[in-house]
K.L.:
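Can you read through this structure? Questions will come right after.
Computation of the quantities below employed the complete heavy-atom set of this structure, encompassing side-chain atoms and omitting hydrogens, waters and symmetry-equivalent molecules. Given the structure is predicted, the values throughout are model-derived calculations rather than measurements. In listed order, ligands and their atoms are each counted from 1.
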Amino acid sequence: MSAGWASAADLAALVRRGARSAEAVLADALERIAREDPALHAFLRTCPERAEAAARRVDAQVAAGEDPGPLAGVPIAIKDNLCTAGVETTCASKLLAGFVPPYDAEVVRRVEAAGALVVGKTNLDEFSMGSSTEHSAWGPTKNPWDPTRAPGGSSGGSAAAVAGGLVPLALGSDTGGSIRQPAALCGCVGLKPTYGAVSRRGLVAFGSSLDQVGPFARSVRDLALVMDALWGLDPADMTSAQPAWPAEAFSAAAGGGSLEGATLGVVREYLELTLDPEVRAAVEAALERAQAQGARVREVSLAQTALAIPAYQVLANAEASTNLARYDGVHYGARAEGADSESLAARTRAAGFGPEVRRRILLGTFALSSGHYDAYYLKAQRARRVIRADFLAALAGVDALVGPTSPVAAFPLGEKVADPLAMYALDVFTVSTNLAGLPALSLPCGFTAAGLPVGLQLTGAPWSDPTLVGLAAAWERALGLDRKPRSP
Ligand code: GLN
């Protein structure tokens, strides 16, 4: 069995009982990445030495009769905005070329402690700013379903690595949709947890009040397996919390979830937005399937939907402009020549930041500047409060809100990259989740006539993440889709 298409759960079971060595699983994964990634460009680099050391540790534990953990021997890819000790971490920016972090992101530490093998770092839009992975300083990632199309973004490399069968699991980050939208466009499962459920320590900050780390997998069961390793308080991240979930809450939810008797809320305002008719049809068919399984569907209202993108753009960019001020040519990564510290910083930034990142920094700095602060930043903060209240009211009578993750399926590379507003408009269903701090999951629910996957988004009340996973597992079983883009 190839590590590429095997499930994480099956691989871990084989490794734990000594039927397959972690080293053999790893060799297979690395060979597959070397053979297939040149066509996808999901990875910016692999880290075979680190992965081999981890595999040897797992195999030694098995030989000693110890339990190497629930992710034993499972290859995992890490978005290149998560720090990996000793392994270059660039955020797909020239500014961070050559930056080797001295420590691991907490999520990297946790998956390795659970036995996973970190095989490499995946491509993204520079500093996670984008929805197509085309804003990478090292070129775009291709969608495994159609290499002329974008995988979505910003975690497009992680989504493509999982969907393309290179690895069973990957980690990404989501500030305004960067896990859910590429999961939708690549036909895999992705979860943005409730803000605070997963540590952000070692995640390179974009919008600190919006950023969350989360997983990609090809099945809800595998997603649950990695979530169980990720969640929980990290004293080193002051925004992290200890959810009142039992151990292995996600695996239990994935095993026991049911649509029978569930109430699903369909957002009226979302139905009125412009949507690719094929996306609409796939989501409607999935809703009918859920009803056939005993779910009730109710219309709910999010009256403030129109505020979401403007409020997100102001707040995310304002936070980005302060977060990215640390890249001054002295502390991290690349450095240009300069006579004094000011010109050194200016030249480093001019040479290091790509056009989209510069645009965001300028917009964010403008929104925070005196004279404009009240009109933009403060107003956007108020909008954020209204949006959250809107969501909490809509969620009060339902188990989850359901709708499309993205208004379109995978679009051709090059189609939107020169038109920032068209790119930002893709985030209409995802950004409000981050503004409200809620959990949301994208599940493949069907295909367009051209065979491109369509994603269904489930959004829940704060800390209902395991409930979402349970509903998604039941829905996945009911839909029974074959989600392999090409023969292995
Ligand atoms: N696409 C959104 C943006 O460009 C969200 C990105 C993200 O979640 N990191 O800002």
Side-chain angles (χ1 to χ4, degrees), residues 79-82 91-93 122-136 140-141 150-159 170-186 190-193 195 198 200 203-216 308-321 323-324 353-364 367 380 384 405-408 410-411 415-442 455 457 459:
K79 186 179 184 181
D80 202 31
N81 65 349
L82 287 161
C91 294
S93 180
T122 55
N123 201 7
L124 63 151
D125 288 294
E126 185 177 359
F127 283 104
S128 307
M129 297 172 183
S131 306
S132 69
T133 316
E134 290 167 288
H135 293 301
S136 163
T141 295
S154 66
S155 314
S158 286
L171 296 184
S173 66
D174 190 313
T175 305
S178 280
I179 293 174
R180 292 160 286 154
Q181 187 256 17
L185 270 50
C186 287
L191 173 71
K192 182 207 97 66
Y195 185 79
V198 174
R200 292 185 302 114
L203 166 69
V204 177
F206 167 5
S208 310
S209 77
L210 305 160
D211 300 336
Q212 263 303 273
V213 178
F216 291 88
I309 292 180
Y312 168 79
Q313 281 292 329
V314 171
L315 295 174
N317 295 340
E319 292 185 20
S321 75
N323 274 325
L324 271 61
F353 287 138
E356 181 62 22
V357 174
R358 262 185 267 177
R359 179 159 38 235
R360 305 279 185 121
I361 293 172
L362 288 171
L363 287 168
R384 180 178 193 167
T405 307
S406 160
V408 296
F411 47 91
E415 186 185 85
K416 298 183 198 294
V417 69
D419 183 351
L421 292 183
M423 198 71 97
Y424 303 163
L426 295 175
D427 302 334
V428 60
F429 301 127
T430 49
V431 292
S432 41
T433 318
N434 303 70
L435 291 169
L438 306 174
L441 180 149
S442 184
Q457 180 171 234
T459 306

K.L.:
In the structure I gave you, are the side-chain heavy atoms of Lys416 and Ser132 within less than 4.5 Å of one another anywhere?
P.N.:
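The answer is no, as the side chains (C-beta and beyond) never meet within the 4.5 Å cut-off.
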K.L.:
Going by the order shown, which atoms of ligand 1 are within less than 4.0 Å of some heavy atom of Ser131?
P.N.:
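Counting from 1, the qualifying ligand atoms are 1 (N).
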K.L.:
How about Leu426 and Phe411: do any of their side-chain heavy atoms sit closer than 4.5 Å?
P.N.:
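Sidechains of Phe411 and Leu426: in contact.
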K.L.:
Does ligand 1 have an atom that lies less than 4.0 angstrom from a heavy atom of Ser154?
P.N.:
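The answer is yes: ligand 1 sits under 4.0 Å from a heavy atom of Ser154.
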K.L.:
Counting heavy atoms only, which of Leu210, Leu426, Asp427 comes nearest to atom 2 (C) of ligand 1?
P.N.:
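Result: the heavy atom closest to atom 2 (C) of ligand 1 is in Asp427.
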K.L.:
Flag Tyr312 as yes when one of its N or O atoms lies below 3.5 Å from any N or O atom of ligand 1, and as no otherwise.
P.N.:
yes
K.L.:
Name the one of Ser173, Ser158, Ser178 that satisfies side-chain hydrogen bond (donor to acceptor under 3.5 Å, both in side chains) with Lys79?
P.N.:
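Exactly one option meets the side-chain hydrogen bond (donor to acceptor under 3.5 Å, both in side chains) with Lys79, and it is Ser173.
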K.L.:
Does the side chain of Leu185 reach to within under 4.5 Å of the side chain of Pro151, using non-hydrogen atoms?
P.N.:
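Result no, sub-4.5 Å side-chain heavy-atom pair not found.
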K.L.:
Give the atoms of ligand 1, by number and element, whose distance to some non-hydrogen atom of Gly130 is under 4.0 Å.
P.N.:
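Those qualifying, in numeric order: 1 (N), 2 (C), 3 (C), 4 (O), 6 (C).
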K.L.:
Taking N or O atoms only and a 3.5 Å limit, does Ser128 qualify as a polar contact for ligand 1?
P.N.:
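Checking ligand 1 against Ser128, an N or O pair does fall under 3.5 Å apart.
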K.L.:
Is there any N or O on Phe206 that sits under 3.5 Å from an N or O of ligand 1?
P.N.:
no
K.L.:
Contact between Tyr424 and ligand 1, counting heavy atoms under 4.0 Å?
P.N.:
no
K.L.:
Which residue is it: Arg180, Gln212, Gln181? I am looking for the one with a side-chain hydrogen bond (donor to acceptor under 3.5 Å, both in side chains) to Asp174.
P.N.:
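Going through the options one by one, the only one that passes is Arg180.
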K.L.:
With respect to atom 9 (N) of ligand 1, which of Ala320, Ser178, Gly153 exhibits the smallest heavy-atom separation?
P.N.:
Ser178
K.L.:
Heavy atom to atom 4 (O) of ligand 1, shortest distance: which of Glu356, Met129, Arg360 holds it?
P.N.:
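Result: the heavy atom closest to atom 4 (O) of ligand 1 is in Arg360.
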